[in-house]
Amino acid sequence: MLGLGILKGLIETWRNFQGGYYDPARLTTVQYPEEKLPPQENARTIPFLVYDGADPLAGMRCTACSICAVECPAHCIVIVKDTVKKPDYLGKMQFHPKVFDIDMAVCMECGVCAEVCPFDSIKMDRVFELSSDNRSMVLQKLDLAKSNDYFRQIHPVEAAAVDAARAEEQRKAQAKKDASPVPTVP
Amino acid sequence: MIAPPPELQTPGAGDFAGHDLLEIAMGPHHPSTHGVFRMNVLLDGETVVKLTPVFGYLHRNHEKIAEKNSYLASIPYTDRLDYICSMTNNWAYVLSVEKLAGLAVPERAEYLRVIVGELTRLQNHACLAGFLLQDMGALGTPLMYAFREREKILDLFESLSGSRMMCNYMRFGGCRCDLPAGWLEQAVKVVAEFDSFLDHFEALLNENEILRARSQGVGVLPPGLAVNAGVTGPGLRASGVNYDIRKVDQYGIYNRFKFRVPLGQHGDVFDRYMMRILEMRESIGILGQALRDIPPGPILDPKFKLRNLRPKPGEAYGRIESPKGELGFYLISDGGPAPYRYRVRPPSLINLTVLEDMCLGHTIADVVIILGSIDIVLGEVDR
Amino acid sequence: MQTPEQIKDRILAAFPGAHLEVIPNGSPANQPSLLLDHAQAREIATFLRDDPELRFDYASNVTGVDWPEKIVKEKVKVRKIIDGVEQEAAELVERKIPGFLEAVYHLYSMALGRGPLIIRLRTGNRTDSVALPSLTPVWRSCEFQEREVFDLFGITFNGHPDLRRILMWDNFADHPMRKDYVPAEEPKP
């Protein structure tokens, strides 16, 4: 009979329409911004710089090695090294950045910078509500700095792994120091 | 008829001088051209007598950027070629680099690649079926049903790689990161739901009289022309030519999976649409086997170098069966950190070679459907 | 799978006197290529497509490559008179390898499930002798790809049905994928 195919299709549509009243799988709309989808552990958007402790400048893990700037596919990171060194979590004196700018308009949020960083200092954030009222999307060092507590909050599994690795490094360094103590002047 | 100035004339249009023909530019701003794509269509009434595709509106010179960036930095750029299927783009590129540099891939990584590759194929074909019906005038219902399933697959990609579409997941010698806890169970659930979704989708559409009337006999592509014009992918198999690179080259571990290659008989739009539905069924079969058999183990080759990969001088051409057709990368290395020549073989561009042949003699309404059945993504056509 | 050497012998059997050369490939991919001469390129391509043993009916990829002029410094042994005695001495000699443009074709056989056979065609130089025979009459898949090679590299293909720019706009003057391309100044906002 002509029209049987369309009729079968209409039955499907009727099933979906009816199901919208009692079947949660049929209603997929999330009433944003009142409701939000639960964030995923691995989700990434723009990068940020991690600092330990309370002071962003003293606790910043970045040592201005510029590996992220070199590997960035979009060439959006600008780093200028400072001349003063400060100690890192192992007590070793490291450089730190005087200028660390990322142009978020150019950044393609690929995550390569976080992948190549040897110091676990640049990680991927999850914020996407980035609209602003001026055209500049260059984020500078202090805009990018977020604490390790924030990192643990947004990426619990990854932050736990990083913290465990750093604690292990600290323990090994301490054990080495205890094994061969520096002789003090009597 | 007033003749247009020489620089605006379509080549060959002068053959029809004296007839009342109408030339329309469909696109680049057009809801049905699947991107910024223009077609100069010469019409006799409503029948197409000549069609010239014009592209280059999305040309970003990806190939030259790759000559200045390292091999690793090109991987996020490949996501953006065929932006719907980023995982298979990554796979084609890393396959070529692995051929060029002689890298081996551990077994778990191969299974992961097959799983995300087939999930990509599922969501791409769902997109295509939905958009084709949208172009036919079904006003969004099949499209939204297909997108509801696609969302589940994109959520899987987000929890695995961090991003829904620009995944940046594969590396030279494996995959970037391993599965998070619970991902496999979730993937098995999504695949099972996709199977029942396909049953309902086919019940909704396959016997629909409007779909059949508009697509059967429209845009026929004879198999000899398809082979000579380099058409690959579902468009080629809809014309009856049995050529699936997963079966011919058996790249990765595809020789371990049992799946059939569906073939069409007529090579018209309906056959190309049914190709996608049947391939989705086969992909579900492959996914079931891969999700069941994935072994534990490392996901990266022990010799893996993240930074500063410098393959020895030489060249390599690697290709995969992407959801659109044969996606190949041709790389020439001169021993430096960046490729000397980096070439993408875009299936969408080459499948467009026969667009004019398929549209001649049909009405302008059919042009939209024929273009939709070829399945182009402008990011890949223009690079 | 037949190697390029075997295919070269088969072509020479059909076209005696043709200039063919097998170019080796340094990478582990093991994909050496066959360099063809312009004179009989289209006839050889037709032979590759139609010969029942070869049947390369599918041209998968057409690429352009730019090889600019290279200056190679080599140490050459020369007999020179040093301190009144004729001796052999090493001298640094500069040799110029002329530049050329190249079109590379990847051929596969769908009928026999074989491949790839890689064919290369080289132009005379990069300035005035940039014409190559088009293989579009043999494989229609080369149509858009040869247009792209013309657009981005500047190789003109003789016998192409519709050779004009494809990705750049029609009035664009330069060839962007050449190694010495300098992009135009961006207009200041």
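Naming convention: chains lettered A, B, ... in sequence-line order (proteins, then strands); numbering from 1 in each chain. Hydrogens, waters and symmetry mates are skipped; everything else that's a heavy atom, side chains included, is used.
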If you tally heavy-atom pairs under 4.5 Å between each of B/K312, B/R343, B/R383, B/K247 and chain C, the highest tally belongs to B/R343
Taking every non-hydrogen atom, the tightest pair across [X] and [Y]:
X	Y	value
B/D382	C/L167	OD1-CD2, 3.7 Å
C/D66	B/Y340	O-OH, 2.6 Å
B/A229	C/R140	CA-CB, 3.8 Å

Let me know if [X] has heavy atoms under 4.5 Å from chain B in its side chain, its backbone, both or neither.
X	answer
C/D151	neither
C/V138	backbone
C/Y58	both
C/R178	backbone
C/R165	neither

What part of [X] is in contact with chain C, defined as an atom under 4.5 angstrom from a non-hydrogen atom: side chain, backbone, both or neither?
X	value
B/S96	neither
B/P313	backbone
B/V231	backbone
B/E98	neither
B/E326	side chain
B/D334	neither
B/L236	side chain
B/V248	side chain
B/P346	neither

Tell me if the aromatic rings of B/Y57 and C/W169 count as close, with their centers under 6.0 Å from one another.
no
So how far is it from [X] [atom1] to [Y] [atom2], rounded to the nearest 0.5 Å?
X	Y	atom1	atom2	answer
B/I350	C/Q145	CD1	CD	3.5 Å
B/Y330	C/S60	OH	OG	12.0 Å
C/E143	B/T353	CD	OG1	6.0 Å
B/N61	C/Y181	CG	OH	8.0 Å
C/M177	B/E63	CE	CD	5.0 Å
C/F144	B/L349	CZ	CG	6.5 Å

Within the distance-only criterion (no hydrogens, no angle test), does the side chain of [X] pair as donor or acceptor with the backbone N or O of [Y] below 3.5 angstrom?
X	Y	value
C/N25	B/G314	no
C/N61	B/R345	no
B/K64	C/P176	yes

Looking at side-chain heavy atoms only, is the closest gap between [X] and [Y] below 4.5 Å?
X	Y	value
C/Q31	B/L100	no
B/T232	C/M110	yes
B/I332	C/V65	yes

Who wins among C/I118, C/T136, C/V104, C/L152 for the most heavy-atom pairs under 4.5 Å with chain B?
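Answer, by heavy-atom pair count under 4.5 Å with chain B: C/V104.
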Using a strict 4.0 Å threshold on nitrogen-to-oxygen distance, state whether C/E102 and B/R341 make a salt bridge.
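Salt bridge: no.
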Would you find more than 12 non-hydrogen atoms of other residues, nucleotides or ligands less than 6.0 Å from B/K68 atom NZ?
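Not buried by this count: 12 neighbours or fewer within 6.0 Å.
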Is it true that, when you exclude B/R260 itself, more than 12 heavy atoms of the residues, nucleotides or ligands shown sit nearer than 6.0 Å to its CZ?
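At most 12 heavy atoms, drawn from other residues, nucleotides or ligands, come within 6.0 Å of this atom.
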Using the ring of each side chain (for Trp, its six-membered ring), is B/Y317 parallel, tilted or perpendicular to C/Y108, with breaks at 30° and 60°?
tilted
